[in-house]
Asker: 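Here's a structure for you.
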2 protein chains.
Amino acid sequence: MTDASTRPERRPTRQRAALSDELAGTAEFRSAQDIHASLSASGTRVGLATVYRNLQAMAADGEVDVIRTTEGESVYRACASEQHHHHVVCRGCGLTVEVTGDAVERWAEAVARDHGFSHVRHTLEIDGLCAACAVRDPR
Amino acid sequence: MTDASTRPERRPTRQRAALSDELAGTAEFRSAQDIHASLSASGTRVGLATVYRNLQAMAADGEVDVIRTTEGESVYRACASEQHHHHVVCRGCGLTVEVTGDAVERWAEAVARDHGFSHVRHTLEIDGLCAACAVRDPR
DNA sequence: TTATGTGCAAAGGGTTTGCACTCCG
DNA sequence: CGGAGTGCAAACCCTTTGCACATAA
């Protein structure tokens, strides 16, 4: 586990700052490419590789959450909660709400142990159509 | 949803059969590349593209389950249960056990609805170290 | 000064696709 | 015979990496 007190301090750079600002500005999960394009569009020149490298670092430090989309893209988001939580994401607009589910955590842990597993981890993501999108396209 | 009764029938081919056999022979999630290599090794010539195409088709028909690994690979497995279920996978040896969790399903559905979401779906995977692997390497 | 961070472009790795050929029905 | 299925190789796409240059400490 990456511990804040042990973590080697990282040098503050213009690029890193721009990245943080960009992330602070949106509430949806976004891809590295998307973020990079956004920065470029707003005149902030940052190498794509730098975006990837920093995003990974920030993820490792728990500054941002990462999700692997079904299409195989990693999308990032600065989350409100520092603690372990899950997300309900709108398939239509990307609206994201954070939720915690102790019951689920315990269930996963228990089920795994029942089968002789230890060092249990889990991933859980929920997606659907938010109220607004459901009205717009009531599939 | 792909309905068996509506699904356009697929032509039986040597390749498809080989693929099914291969899948029937293992209990772990395997990548398309891995499966392809296995077939080649056993003398069964099948194009890699064909493996990918069939695996996708089978997944769409619910004949096999797919999981996206953290490394961005899709891994496939012929499951015992036809119904919706989740997996507990051993990080050490790949041992996989299928589990159902009605409580979790209901929780996800409820949480999403509480936030105004509809057409809810979810993905949940659990991983850990199986008893055997825990002994071998008690991390 | 000097190690860390950045940029660029090339390389990687898994997956998809175009197109001509095969083979089931 | 006609079209679904296949093989091969090229194309794709996201991501990572090597290396020379820039920069915070």
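Proteins get letters first, then strands, A, B, ... in listed order; numbering begins at 1 in each.
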Asker: Taking the minimum atom-to-atom distance to the side chain of B:Val46, which one of C:dT6, C:dG14, D:dG7 wins?
Answerer: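 So the nucleotide nearest the side chain must be D:dG7.
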Asker: Between C1' on C:dT6 and CG on A:Leu39, what's the gap in Å once rounded to a whole number?
Answerer: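 For the pair A:Leu39 CG and C:dT6 C1', the rounded distance is 14 Å.
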Asker: Between B:Thr50 and D:dG5, is there a contact of a side-chain N or O with OP1 or OP2 at under 4.0 Å?
Answerer: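 Answer is no, no contact under 4.0 Å.
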Asker: Look at the side chain of A:Arg53 and decide which nucleotide, out of D:dT17, D:dT6, C:dT15, has an atom nearest to it.
Answerer: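 Of the options given, the side chain of A:Arg53 lies nearest D:dT17.
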Asker: Tell me: CD of A:Glu73 to P of C:dT15, nearest whole Å?
Answerer: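 For the pair A:Glu73 CD and C:dT15 P, the rounded distance is 15 Å.
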Asker: Inspect the contact between B:Arg77 and B:Glu98 and indicate whether a charged nitrogen and a carboxylate oxygen are less than 4.0 angstrom apart.
Answerer: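 Yes, this pair counts.
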Asker: How many whole angstroms separate atom CZ of B:Arg30 from atom C1' of C:dG14?
Answerer: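 The answer, rounded to whole Å, is 17 Å.
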Asker: Where each residue is assigned the nucleotide of DNA chain C containing its nearest heavy atom, which of B:Gly72 and B:Thr13 is assigned the position nearer the 5′ end?
Answerer: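 Of the two residues, B:Gly72 wins.
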Asker: Can you tell me the distance, in whole Å, between the CD atom of B:Gln15 and the P atom of C:dC23?
Answerer: 9 Å
Asker: Please report, rounded to the nearest Å, how far the C1' atom of C:dT15 is from the CD atom of B:Glu71.
Answerer: 16 Å
Asker: Side chain of B:Leu48: nearest nucleotide among D:dC14, C:dT15, C:dT6?
Answerer: C:dT15
Asker: For B:His122 and B:His84, does a side-chain donor sit closer than 3.5 Å to a side-chain acceptor?
Answerer: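 B:His122 vs B:His84: donor-acceptor pair found between side chains.
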Asker: Backbone N or O of B:Ile67 within a donor-acceptor pair of the B:Thr69 side chain at under 3.5 Å?
Answerer: no
Asker: Give the nucleotide from the list C:dT15, D:dC14, C:dG25 with an atom nearest to the side chain of B:Gln56.
Answerer: C:dT15
Asker: Kindly point out which of C:dT15, D:dT6, C:dC8 is positioned nearest to the side chain of A:Ala49?
Answerer: C:dC8
Asker: Quick one about B:Tyr76 and B:Gln56 (side-chain donor to acceptor, distance below 3.5 Å, no hydrogens or angles considered), yes or no?
Answerer: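 There is no such pair (donor and acceptor under 3.5 Å, judged by atom type) between the side chains of B:Gln56 and B:Tyr76.
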Asker: For B:Ser31, which contact category applies under a 4.0 Å heavy-atom criterion: base, sugar-phosphate, or nothing?
Answerer: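 If one applies the 4.0 Å heavy-atom cut-off, B:Ser31 turns out to touch nothing in the nucleic acid.
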Asker: Would you say A:Trp107 ends up clustered with A:Val99 if hydrophobic residues are merged whenever their side chains have heavy atoms under 4.5 Å apart, either directly or through other cluster members?
Answerer: yes
Asker: Side chain of B:Tyr52, heavy atoms from C-beta onward: which of D:dT15, C:dT15, D:dT6 has the nearest atom to it?
Answerer: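 Closest nucleotide among those given: C:dT15.
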Asker: In this structure, how many angstroms lie between the P atom of D:dG3 and the CD atom of B:Glu9, rounded?
Answerer: 15 Å
Asker: Can you tell me the distance, in whole Å, between the CZ atom of A:Arg45 and the C1' atom of C:dG5?
Answerer: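 So the two atoms are 16 Å apart, to the nearest Å.
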Asker: Between C:dT15, D:dT23, D:dG2, which one does the side chain of B:Arg11 approach most closely?
Answerer: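 It is D:dG2.
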Asker: B:Arg10 CZ to D:dT6 C1': how many Å, rounded?
Answerer: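 In whole Å, D:dT6 C1' lies 14 Å from B:Arg10 CZ.
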